[in-house]
> 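What follows is a single structure, and I will ask about it in a moment.
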Amino acid sequence: MNAPKVKIMSVVGARPNFMKIAPLVHELARFPDRFDHLLVHTGQHYDATMSDAFFRDLTIPAPDVHLEIGSGSHAEQVGRTMIAFEKVVQQHRPDWVIVVGDVNATCACSITAKKEHVKLAHIEAGLRSFDLEMPEEINRMVTDRLSDLLFTTDALADANLLKEGVPENRIRRVGNIMIDTLERQRARAAALKPEAIAGEQVLPGLCAPIPPLRDNTFAVLTLHRPSNVDQAVVMKPLVEFLTQDVAPLMPLIWPVHPRTRQQLERHGLWKDLTSCPGLILTQPLGYHDMLRLTMGARVMLTDSGGLQEECCVLGTPCLTLRWNTERPVTLVEHGGVSVLVGNDVQQIRAEFRKAAERPRAEHRPPLWDGRTAERIVACLRELGQGLSL
Ligand code: UD1
């Protein structure tokens with residue numbers, strides 16, 4: 001007799017989740033006789049550019065359940081997600097809930113699943129910045145503490161979990177699932193032209209001519225962390241550096257996150273940016289456009305976790321505009337490409353010059369090979385509904 005099917009409910013909420021769930025969804029679909037899979041979107045990100053575009057471009061099927069949580073304070077987002085997700089878990093009674101990354105949806109659905117006595121698996125477990133002012137750090141700690149099965153990206157993550165007392169047999173080092181998506185999509189991205197991307201995505205009303213954008217002649221910037229964008233005293237010198245130091249030296253493409261734009265307008269800095277020659281402000285980019293720009297950038301300036309990892313595999317010098325990182329494997333001292341520069345402009349200026357001179361150097365940590373989803377699904381097939389951990 002065939003083994004009963006394993007009922008899996010996976011969760012996404014915000015943009016960085018979509019590139020992590022796509023390979024899992026596709027791999028689970030290869031075993032229709034083993035798995036029943038339901039995809040839940042909490043709706044933390046809901047704009048076409050922040051959500052729908054990724055479902056389309058990464059061929060993720062439409063979510064089976066959409067919770068439509070939307071924006072709000074952390075407590076509002078987490079609270080609303082828990083209330084809505086509880087009903088979904090009670091209705092479908094999955095064998096496993098699988099969460100990815102570290103956004104509010106990850107934490108909210110982990111707590112709910114465990115309170116409903118459903119087994120929980122976390123993809124991208126064990127990352128620690130040790131900075132509890134970062135909301136994602138709280139999400140990571142809570143999620144990992146509750147998870148039955150912890151899929152990690154690298155040995156440093158395993159070590160963090162072991163130090164916290166997680167039993168070794170619950171930790172499965174499988175590599176970085178986001179790199180599965182990168183490998184699957186890179187040929188399509190490579191065929192795009194940076195100038196065409198900038199021309200098509202530049203914010204409406206900003207129609208200054210796009211300068212030539214040959215590979216290794218432009219910089220790319222992304223910024224969205226509250227620690228960087230919420231206070232004018234931090235944001236103002238950063239904007240001065242970008243407009244006075246970077247843009248006159250090389251074209252700078254800046255896909256602007258919705259929360260960053262709101263803050264820039266609030267601080268009265270938006271006008272300075274829109275009138276700066278060499279600075280190309282665009283709407284949030286789709287996956288392939290962003291990947292293409294990352295492949296061609298001479299320097300990436302970012303406070304995103306995912307981009308640090310993508311730069312690492314692509315060899316793009318990366319200045320991480322944070323004082324710490326939960327992804328130390330991407331740092332230069334671990335053989336990667338990223339340097340922590342915080343938000344101190346003097347330090348950023350000095351490191352920017354160095355990074356612009358540094359040759360591209362790809363660094364691929366072990367198991368970041370495009371086959372992480374295969375390893376995760378192999379593990380789920382082996383465990384089935386039971387949990388002999
Ligand atoms: C969230 C994640 C962060 C991730 C980031 C990627 C948490 C705690 N943070 O931060 O880890 O790196 O997503 O983008 O989960 N907004 C829109 N449209 C949208 C979504 C948001 O306009 O589709 C605006 C809203 O005004 C919202 C603000 O952006 O208030 C911030 O969105 P939110 O989801 O709260 O957090 P992010 O800063 O995007």
Side-chain angles (χ1 to χ4, degrees), residues 11-21 40-56 63 66-82 85 99-111 122-124 127-129 131-144 178 181 203 221-231 234-235 254-267 270 282-287 289-290 294 300-311 320-322 324-327 330:
V11 177
V12 288
R15 184 171 62 179
N17 292 161
F18 305 135
M19 40 292 233
K20 294 170 195 166
I21 214 68
V40 177
H41 188 343
T42 70
Q44 175 175 345
H45 285 177
Y46 44 84
D47 280 355
T49 55
M50 300 291 285
S51 177
D52 305 356
F54 289 82
F55 276 77
R56 190 186 58 235
H66 202 301
L67 306 181
E68 298 182 359
I69 296 307
S71 300
S73 71
H74 287 273
E76 284 166 346
Q77 276 185 340
V78 171
R80 288 203 295 262
T81 305
M82 287 180 68
F85 189 61
V99 294
V100 296
D102 57 14
V103 302
N104 285 339
T106 313
C107 169
C109 294
S110 299
I111 298 172
H122 182 204
I123 299 178
E124 203 185 80
L127 301 185
R128 294 289 181 272
S129 67
D131 174 3
L132 278 162
E133 293 199 357
M134 203 184 170
E136 292 82 1
E137 183 73 356
I138 300 170
N139 294 340
R140 289 189 277 264
M141 288 168 67
V142 170
T143 302
D144 286 345
M178 222 181 54
T181 298
L203 287 174
L221 166 77
T222 82
L223 215 53
H224 74 285
R225 300 233 167 257
S227 54
N228 281 329
V229 304
D230 283 3
Q231 293 172 49
V234 176
M235 203 69 229
W254 182 354
V256 189
H257 189 287
R259 73 167 294 129
T260 307
R261 177 161 182 174
Q262 283 163 16
Q263 297 297 339
L264 285 164
E265 285 174 352
R266 195 169 67 86
H267 304 324
W270 186 243
T282 74
Q283 46 187 343
L285 297 180
Y287 183 81
D289 287 352
M290 193 63 208
T294 308
M300 171 69 71
L301 300 116
T302 189
D303 61 6
S304 145
L307 276 169
Q308 288 171 57
E309 297 180 330
E310 288 161 342
C311 284
T320 299
L321 299 166
R322 293 175 45 190
N324 50 52
T325 178
E326 61 289 340
R327 292 163 164 88
T330 64

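Both counts, for ligands and for their atoms, begin at 1 and track the order of listing.
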> What is the closest protein heavy atom to atom 20 (C) of ligand 1, and at what distance does it sit?
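So the nearest neighbour among protein heavy atoms is His45 CD2, 3.2 Å.
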> Just go through His224, Gln263, Arg261 and tell me whose heavy atom is the nearest to atom 5 (C) of ligand 1.
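The residue whose heavy atom sits nearest atom 5 (C) of ligand 1 is His224.
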> Can you tell which part of Ser51 has a heavy atom less than 4.0 Å from ligand 1: side chain, backbone, both or neither?
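The answer is neither.
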> For side-chain contact (heavy atoms from CB on, under 4.5 Å), just list the numbers for Arg140 and Glu326, CA-CA rounded to whole Å, side-chain angles, deciding distance to a tenth of an Å, and then say yes or no.
CA-CA 10 Å; Arg140 289 189 277 264; Glu326 61 289 340; 3.4 Å; yes
> Are His41 and Phe55 near enough that their ring centres are under 6.0 Å apart?
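His41 vs Phe55: aromatic centres under 6.0 Å.
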> Return the closest protein heavy atom for atom 16 (N) of ligand 1 as residue, atom name and distance.
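Residue, atom and distance for the closest contact: Tyr46 OH, 3.6 Å.
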> Short list, please: which atoms of ligand 1 are under 4.0 Å from a heavy atom of Pro16?
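That gives atoms 4 (C), 6 (C) of ligand 1.
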> Is any NZ, NE, NH1 or NH2 atom of the basic residue among Asp230 and Arg225 found under 4.0 Å from an Asp or Glu carboxylate oxygen of the other?
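Here Asp230 does not pair with Arg225 in a salt bridge, since their nearest N and O are not under 4.0 Å apart.
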> Around atom 35 (O) of ligand 1, find the nearest protein heavy atom and jot down its residue, atom name and distance.
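Going by distance alone, atom 35 (O) of ligand 1 is nearest to Gln77 NE2, 3.4 Å.
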> Any atoms of ligand 1 less than 4.0 Å from a non-hydrogen atom of His74? List them with their elements.
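Near His74, meaning under 4.0 Å from one of its heavy atoms, ligand 1 has 8 (C).
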> Mind checking whether Met300 and Leu307 have side chains closer than 4.5 Å, heavy atoms only?
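Sidechains of Leu307 and Met300: in contact.
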> Tell me: protein heavy atom nearest atom 26 (O) of ligand 1, and distance?
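Result for atom 26 (O) of ligand 1: Gln262 NE2, 2.8 Å.
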> Name the closest protein heavy atom to atom 9 (N) of ligand 1, giving the residue it belongs to and the distance to 0.1 Å.
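Sorting protein heavy atoms by distance from atom 9 (N) of ligand 1 puts Glu136 OE2, 3.3 Å first.
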> In sequence, state the C-alpha distance, the side-chain angles, and the governing distance for Asn104 and Asn139, and then conclude on side-chain contact (heavy atoms from CB on, under 4.5 Å).
CA-CA 7 Å; Asn104 285 339; Asn139 294 340; 3.1 Å; yes
> At what distance, to the nearest 0.5 angstrom, does CZ of Arg128 lie from CG of Asp102?
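It is 10.0 Å, given to the nearest 0.5 Å.
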> Identify whether the distance between the nearest side-chain nitrogen and carboxylate oxygen of Glu265 and Arg261 falls below 4.0 Å.
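Arg261 and Glu265: salt-bridged.
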> Which residue supplies the protein heavy atom nearest to atom 8 (C) of ligand 1, what is that atom called, and how far is it?
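Atom 8 (C) of ligand 1 sits closest to the protein heavy atom Asn104 OD1, 3.3 Å.
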> For atom 24 (C) of ligand 1, find the nearest protein heavy atom and state the residue, atom name and distance (0.1 Å precision).
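Nearest neighbour among protein heavy atoms for atom 24 (C) of ligand 1, to 0.1 Å: Pro258 CB, 3.8 Å.
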> May I ask you to identify the nearest protein heavy atom to atom 38 (O) of ligand 1, giving residue, atom name and distance to one decimal place in Å?
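Of the protein heavy atoms, Arg259 CD, 3.0 Å lies nearest.
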> Evaluate Thr181 against Tyr287 for side-chain hydrogen bond (donor to acceptor under 3.5 Å, both in side chains), listing each step before the verdict.
CA-CA 10 Å; Thr181 298; Tyr287 183 81; 5.4 Å; no
